[in-house]
Protein chains: 2
Amino acid sequence: MPYYQEHEKFHVAVDSIIFGYDEDGRELKVLLLKRNFQPAKGEWSLMGGFLKNNEAIDTAAKRILHQLTGLSDVYMEQLYTFGELDREPGARILSVAYFALIKINASDLELVKTHGATWVPISSMPRLIFDHTAMVGRALKKLQVRARTQPIGFELLPDKFTIPQLQGLYEAIYNKTLDKRNFRRKLLSMNLLEKLEEKEKESSRKGAWYYRFEPKNYEDLLNRGFNFEL
Amino acid sequence: MPYYQEHEKFHVAVDSIIFGYDEDGRELKVLLLKRNFQPAKGEWSLMGGFLKNNEAIDTAAKRILHQLTGLSDVYMEQLYTFGELDREPGARILSVAYFALIKINASDLELVKTHGATWVPISSMPRLIFDHTAMVGRALKKLQVRARTQPIGFELLPDKFTIPQLQGLYEAIYNKTLDKRNFRRKLLSMNLLEKLEEKEKESSRKGAWYYRFEPKNYEDLLNRGFNFEL
DNA sequence: GATAAACTGTGTATAAATAACACAATCTGT
DNA sequence: ACAGATTGTGTTATTTATACACAGTTTATC
């Protein structure tokens, strides 16, 4: 018998904190769903599922996200593994939490609705089951750290976006207002954005220029020792 | 049958990257052990063990650390959960990795030796089994981030230490030399240290004043919105 | 057709943090 | 007494962060 067989085995869930940004409401949102099974049926929870024997944990996280949103190729990062004895009543289940950043409009909104899922502003989250509230709190903190030091904000916006939109996103993530002159200067000084010859005219009379993030520029800069910071 | 019973279960290991600082050699070290069982018998690995049914993951990590070092009340933090399919040959085992910071001299060196464990400088690590090398790499990165923004360096030094010692530690963590005037000024400006009326005379003729970290000061400052940074 | 309203976009001055740098002080072993 | 090794101190220049006010553009409205 192999050396490890004598030890106990565990159910392993994968739960995802799925962040999206609502450009109109300028709000950071989380995708939550109402559980349609016991325990805690009818209560709000994160999207989750169980790890399978033939898949890596990352793979499981992607599978579960795809089930709910129809999306692949999404920014996802492992957050933390929750393993308290009493985290789920009446069962010993470990949960590996991931957080994901998606563009709300790119997701399959019908599919989302089918699962009974809803985009909820983080500022007005309902109570969540088990330790899911703690998971969201931890995810938000990590998102704040990541947003400051890596160009991941773009994952939450459409491919072309305006600088006021990007600033609104950062304000939502940090939950504080930023000076637009300083924000713009610092951002543009990094040479990560390409200005397009097109204006966004929905949200202002004057219109704001569209920009596009250039991953290639970012790679080049990284190789030269550049450190992103916003 | 409960809803989760239909899903597969997994062996869950807990592996720890145990950092220590060698004041004499001014080196950051990791505690490694030679496996005395299959697979990979005789090769170097991290300290690890299996999660038990009746314990939280954090508890398991502490238990395993205690087994090897005799220490409790140690700075430990969950690092990452490794769950690739092929991370361990011929077995599907998840590993929740932790990293720990300990004062080498406070540990039970006999106990460590009994387990066949050795303190190895991170600059000259041997090849480790499985994905343990990747674990150490990730732990080192996290340690560098933590050391910059939280006063955890003190976890690696005796209760009383000199400023040159502390600087040596930071130089070992960041793997670069620091300016002693700037280091000292910034450090002391935080008001986290209490100067003792005693000098360390081993490493210099002149002798260096001992200091002590004051956790209470740190708490107070935190409450006033203070941000540690070194 | 003037103007009010709402948002975009720009420049400058001040304060704070960081980085660079050189020499005197102390002690002990020879 | 002096050589050697390490601790300890101050100033200046550079960079980065913060604070702040007004003009430009368009359209709906009177």
Side-chain angles (χ1 to χ4, degrees), chain A residues 22-26 144 147-149 157 160-172 174 176-212 221 224-230, chain B residues 22-27 144 147-149 157-158 160-172 174 176-212 221 224-230:
Chain A
D22 169 5
E23 290 146 55
D24 301 327
R26 301 191 175 186
Q144 288 169 340
R148 196 175 297 279
T149 57
L157 289 173
K160 52 185 191 186
F161 52 85
T162 69
I163 290 179
Q165 279 172 354
L166 186 65
Q167 181 175 343
L169 167 62
Y170 271 83
E171 291 180 334
Y174 296 152
K176 72 173 188 181
T177 60
L178 303 172
D179 182 281
K180 63 181 175 177
R181 287 157 292 189
N182 296 338
F183 181 83
R184 181 183 291 263
R185 175 164 10 139
K186 193 162 180 184
L187 179 66
L188 291 177
S189 75
M190 289 190 274
N191 280 14
L192 292 173
L193 302 187
E194 190 192 354
K195 184 179 178 179
L196 307 180
E197 286 308 319
E198 188 187 356
K199 278 192 165 181
E200 189 275 340
K201 308 279 290 182
E202 293 289 312
S203 50
S204 81
R205 302 284 159 77
K206 182 178 178 182
W209 291 106
Y210 275 120
Y211 287 79
R212 186 166 50 196
L221 288 167
R224 284 181 238 146
F226 169 76
N227 277 317
F228 180 91
E229 194 176 331
L230 253 186
Chain B
D22 170 5
E23 290 143 55
D24 301 327
R26 302 191 175 183
E27 279 187 309
Q144 288 170 340
R148 195 173 299 280
T149 58
L157 289 173
K160 52 185 189 183
F161 52 84
T162 69
I163 290 179
Q165 278 171 355
L166 187 64
Q167 179 174 345
L169 168 60
Y170 271 83
E171 291 180 334
Y174 297 152
K176 71 173 188 182
T177 59
L178 303 172
D179 182 281
K180 64 181 176 177
R181 287 157 292 189
N182 296 336
F183 181 83
R184 180 184 292 262
R185 180 183 22 244
K186 192 162 181 184
L187 179 67
L188 292 177
S189 74
M190 290 191 274
N191 280 16
L192 292 172
L193 302 188
E194 190 194 352
K195 185 177 175 178
L196 306 180
E197 287 309 320
E198 188 187 357
K199 278 192 165 181
E200 190 276 340
K201 309 279 290 182
E202 293 289 311
S203 50
S204 79
R205 303 282 161 79
K206 183 177 177 181
W209 293 105
Y210 274 121
Y211 287 79
R212 185 165 51 196
L221 288 167
R224 286 180 236 147
F226 169 76
N227 277 318
F228 179 90
E229 195 177 330
L230 252 188

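Throughout, a chain's letter reflects where its sequence line sits, starting with A, and its residues are numbered from 1. Below, all heavy atoms of this structure are taken into account, side chains as well, without hydrogens, waters or symmetry copies.
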query = How long is the line joining CD of A:E202 and C1' of D:dT27, in whole Å?
reply =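 It is 14 Å, rounded to the nearest whole Å.
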
task = Using atom types as modelled and distance alone, determine if a side-chain donor or acceptor of A:E200 lies under 3.5 Å from a backbone N or O of A:E202.
result =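 Judged by distance alone, yes, a pair lies under 3.5 Å.
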
ask   = When you measure from the side chain of A:Q165 to the backbone N and O of A:E23, does any donor-acceptor pair fall under 3.5 Å?
value = no

Could you please name the option among [options] that lies closest to any side-chain atom of [X]?
X	options	answer
A:K201	D:dT26, C:dT8, D:dC20	D:dT26
A:K206	D:dG24, D:dC20, D:dT7	D:dG24
A:D179	C:dG9, D:dC20, C:dT18	D:dC20
A:K180	D:dA17, D:dG8, D:dA21	D:dA21
A:R185	C:dT12, D:dT6, C:dA19	C:dT12
B:N182	D:dA17, D:dG10, C:dT8	D:dG10

task = Classify the nucleic acid contact of A:T162 as base, sugar-phosphate or nothing, counting any heavy atom under 4.0 Å across all strands shown.
result = nothing

ask   = Of all heavy-atom pairs between A:Q167 and A:L178, which one has the smallest distance, and what is that distance?
value =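 Residues A:Q167 and A:L178, closest heavy atoms: NE2-O, 2.8 Å.
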
ask   = Between A:F228 and A:L192, is any pair of side-chain heavy atoms under 4.5 Å apart?
value =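 A:F228 reaches A:L192 side chain to side chain.
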
task = Considering just the side-chain nitrogens and oxygens of A:R205, establish if one lies under 4.0 Å of OP1 or OP2 belonging to C:dT8.
result = no

